[in-house]
Peer 1: 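If you scroll down you'll find the structure; I have some questions about it.
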Amino acid sequence: MQAARGRAARLWRRVAAALAALLVAAVAVVAFAYPSLAATTCPGCYGLSELQPDVYAEKGLSGEQRARVGGVVEAARARLAAFYGGAVSRPRLLVCGTEDCYRRIGGGKERGIAVLNRSVMLSPRGLDAVIASHEMSHVELHARLASGVEVPQWFDEGLAVVASDDARYLAPAASADRCTTRPDGPLPETLDAWLGAASKDPSTYAKAACQVYRWLRTHGGRQGLLTLVERLNAGDSFAAAAGL
């Protein structure tokens with residue numbers, strides 16, 4: 001009996017060791033293939049330190065740089081809350097002061113990016129309230145949508161432009177019509193289609209912003225958006241809920 005117990009114990013130790021090795025390998029694969037996901041999970045592993053709750057900045061930033069990060073985050077959150085009438089999301093923000101840091105956490109040529117609609121990464125070129133609130137808008141919208149509910153990519157992106165009040169793609173707020181470029185055909189529905197179109201035609205953002213801006217203007221603004229979300233969560237199709 002004692003011998004049998006010894007063999008069982010050795011077997012379980014081997015199984016545990018094998019499982020531990022598999023777990024380590026899986027973590028390594030994720031870190032290599034999806035550094036942005038790994039960095040979001042463990043910012044400190046990628047050279048970022050906690051600046052304030054849910055905000056991680058590259059280590060070694062000067063006091064002035066850290067203060068700027070804090071100011072941008074505060075302004076972006078305020079801008080988003082004003083647009084939505086309050087926020088239900090609080091994404092983890094990863095902020096880089098150098099391009100090396102941004103590449104290390106999985107960033108590319110973009111100024112910022114929302115990761116899995118849960119967190120936001122900002123490059124040194126994206127450290128301003130417009131870019132930050134644009135990416136945070138993606139997270140906020142999807143936090144309000146029920147699991148599995150999607151919207152066309154043009155609506156998601158156009159809404160982010162309007163929520164962030166991006167002057168690159170919108171006329172001044174006092175304008176009778178804030179559209180700078182009007183849509184001249186169907187806008188991209190999927191992420192892949194959006195990325196392809198936007199890379200070829202930068203005005204794609206302005207076209208989507210125009211479409212969303214005009215939709216909001218004719219559907220009650222914020223309340224229309226909240227009603228749209230409610231209908232989508234209740235099972236309506238986007239076309240039906242948006243009246244398109």
Side-chain angles (χ1 to χ4, degrees), residues 36-37 39-43 48 50-57 69-95 110-122 126-166 169-170 173 189-191 194 205 208-209 211-213 215-244:
S36 57
L37 178 58
T40 295
T41 304
C42 181
L48 288 82
E50 188 173 30
L51 184 63
Q52 56 180 264
D54 299 314
V55 180
Y56 292 81
V69 171
V72 165
V73 171
E74 182 179 359
R77 285 175 174 163
R79 186 172 298 207
L80 201 64
F83 178 79
Y84 279 93
V88 301
S89 67
R90 193 174 179 85
R92 175 170 285 188
L93 304 179
L94 308 184
V95 183
E110 72 282 343
R111 296 187 179 190
I113 191 170
V115 180
L116 296 179
N117 295 314
R118 292 187 179 89
S119 60
V120 167
M121 303 190 330
L122 296 176
L127 191 52
D128 67 62
V130 171
I131 302 301
S133 57
H134 178 112
E135 301 306 331
M136 290 163 67
S137 174
H138 293 311
V139 179
E140 179 68 18
L141 174 61
H142 287 269
R144 290 171 179 267
L145 294 172
S147 177
V149 174
E150 296 291 341
V151 298
Q153 195 64 31
W154 65 262
F155 186 85
D156 199 343
E157 294 292 348
L159 186 66
V161 171
V162 176
S164 63
D165 197 21
D166 195 331
Y169 308 117
L170 291 169
E189 299 268 339
T190 67
L191 177 58
W194 175 269
Y205 278 95
Q211 189 99 327
V212 172
Y213 162 76
W215 183 89
L216 288 168
R217 190 173 62 177
T218 58
H219 287 79
R222 178 197 300 159
Q223 188 53 53
L225 175 62
L226 298 181
T227 299
L228 171 67
V229 170
E230 289 178 1
R231 291 189 60 181
L232 290 172
N233 288 343
D236 285 0
S237 67
F238 178 80
L244 300 176

Peer 1: Indicate whether the side chain of Ser164 and that of Ser133 have a donor and an acceptor atom separated by less than 3.5 Å.
Peer 2: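 Side chains of Ser164 and Ser133: no pair found under 3.5 Å.
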Peer 1: Would Trp215 and Leu159 count as a side-chain contact (heavy atoms from CB on, under 4.5 Å) if you check the C-alpha gap in whole Å, the side-chain angles of each, and the deciding distance to 0.1 Å?
Peer 2: CA-CA 10 Å; Trp215 183 89; Leu159 186 66; over 6 Å; no
Peer 1: Kindly say whether Arg144 contributes a backbone atom to a donor-acceptor pair with the side chain of Asn233 at under 3.5 angstrom?
Peer 2: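 The answer is yes, because a donor-acceptor pair under 3.5 Å joins these two groups.
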Peer 1: Do Phe83 and Val162 come within less than 4.5 Å of each other through their side chains, counting heavy atoms only?
Peer 2: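 Yes, at least one pair of side-chain atoms sits under 4.5 Å.
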Peer 1: Closest heavy-atom contact between Val72 and Ala132?
Peer 2: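 Looks like CG1-CB, 4.2 Å.
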Peer 1: Under the side-chain contact (heavy atoms from CB on, under 4.5 Å) rule, what do Gln153 and Glu189 come out as? Steps first, then yes or no, please.
Peer 2: CA-CA 5 Å; Gln153 195 64 31; Glu189 299 268 339; over 6 Å; no
Peer 1: Determine whether Leu94 and Leu122 make a side-chain contact, defined as any pair of heavy atoms from C-beta on separated by less than 4.5 Å.
Peer 2: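 With C-beta onward as the side chain, the pair stays apart.
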Peer 1: Counting N and O atoms only, with roles assigned by atom type, does the side chain of Arg222 sit under 3.5 Å from a partner on the main chain of Ala82, one being a donor and the other an acceptor?
Peer 2: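 Yes.
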Peer 1: What distance separates His134 NE2 from Glu157 CD, expressed to the nearest 0.5 Å?
Peer 2: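 Those atoms lie 4.5 Å apart.
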Peer 1: Is the ring centre of Trp194 less than 6.0 Å from the ring centre of Tyr205?
Peer 2: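 Ring-ring flag for Trp194/Tyr205: true, centres closer than 6.0 Å.
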Peer 1: Is it the case that atom CD in Glu74 sees more than 12 heavy atoms from other parts of the structure closer than 6.0 Å?
Peer 2: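 Counting other residues, nucleotides and ligands, CD of Glu74 stays at 12 neighbours or fewer.
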Peer 1: At their closest point, which heavy atom of Leu244 faces which heavy atom of Phe238, and how far apart are they?
Peer 2: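 Reported closest heavy-atom pair: CD1-CE2, 3.6 Å.
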Peer 1: Just by distance, do the side chain of Glu135 and the backbone of Val120 share a donor-acceptor pair under 3.5 Å?
Peer 2: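 No.
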Peer 1: In sequence, state the C-alpha distance, the side-chain angles, and the governing distance for Leu145 and Leu232, and then conclude on side-chain contact (heavy atoms from CB on, under 4.5 Å).
Peer 2: CA-CA 7 Å; Leu145 294 172; Leu232 290 172; 4.0 Å; yes
Peer 1: Taking atom CZ of Arg118 as the centre, does the number of heavy atoms from other residues, nucleotides or ligands within less than 6.0 Å exceed 12?
Peer 2: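 Not more than 12 within 6.0 Å, no.
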Peer 1: Show the nearest heavy-atom pair for residues Ala163 and Leu80, with the distance to one decimal.
Peer 2: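 That closest heavy-atom pairing would be CB-CD1, 4.4 Å.
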Peer 1: Below 4.0 angstrom, N of the basic side chain to O of the carboxylate: do Asp54 and Arg90 qualify?
Peer 2: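 Salt bridge between Asp54 and Arg90, a charged N being under 4.0 Å from a carboxylate O: yes.
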Peer 1: Roughly how far apart are Leu228 CG and Arg231 CZ, rounded to 0.5 Å?
Peer 2: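 So the gap between those two atoms works out to 8.0 Å.
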Peer 1: If I take atom CG from residue Leu141 and atom OH from residue Tyr84, how far apart are they, to the nearest 0.5 angstrom?
Peer 2: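 So the gap between those two atoms works out to 4.5 Å.
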Peer 1: Side-chain contact test, heavy atoms from C-beta onward, threshold under 4.5 Å: evaluate it for Val55 versus Glu50 and give yes or no.
Peer 2: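 Val55 vs Glu50: side chains apart.
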Peer 1: I'd like to know if the side chain of Glu140 pairs up with that of Ser89 as donor and acceptor (distance under 3.5 Å, no hydrogens or angles considered).
Peer 2: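 Side-chain D/A pair, Glu140 to Ser89: present.
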Peer 1: State whether a side-chain donor-acceptor pair under 3.5 Å links Asp156 with His138.
Peer 2: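 There is such a pair (donor and acceptor under 3.5 Å, judged by atom type) between the side chains of Asp156 and His138.
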Peer 1: Work out which heavy atom in Ile131 is nearest to a heavy atom in Gly126; give both atom names and the distance.
Peer 2: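 Looking at all heavy atoms of both residues, the closest pair is CB-O, 3.5 Å.
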Peer 1: Report the distance from atom OH of Tyr56 to atom CE of Met121, rounding to the nearest 0.5 Å.
Peer 2: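 So the gap between those two atoms works out to 15.5 Å.
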Peer 1: On a heavy-atom basis, which atom in Val139 and which in Ala114 lie closest, and how many Å separate them?
Peer 2: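 Answer, listing the atom of Val139 first, then Ala114: CG2-CB, 4.2 Å.
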Peer 1: For the side chain of Arg92 and the backbone of Thr40, is there at least one donor-acceptor N/O pair under 3.5 Å apart?
Peer 2: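 Indeed, once roles are kept as given, a pair shorter than 3.5 Å links the two residues.
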Peer 1: Show the nearest heavy-atom pair for residues Ala209 and Val161, with the distance to one decimal.
Peer 2: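 Taking Ala209 first and Val161 second, the nearest heavy atoms are CB-CG1, 3.5 Å.
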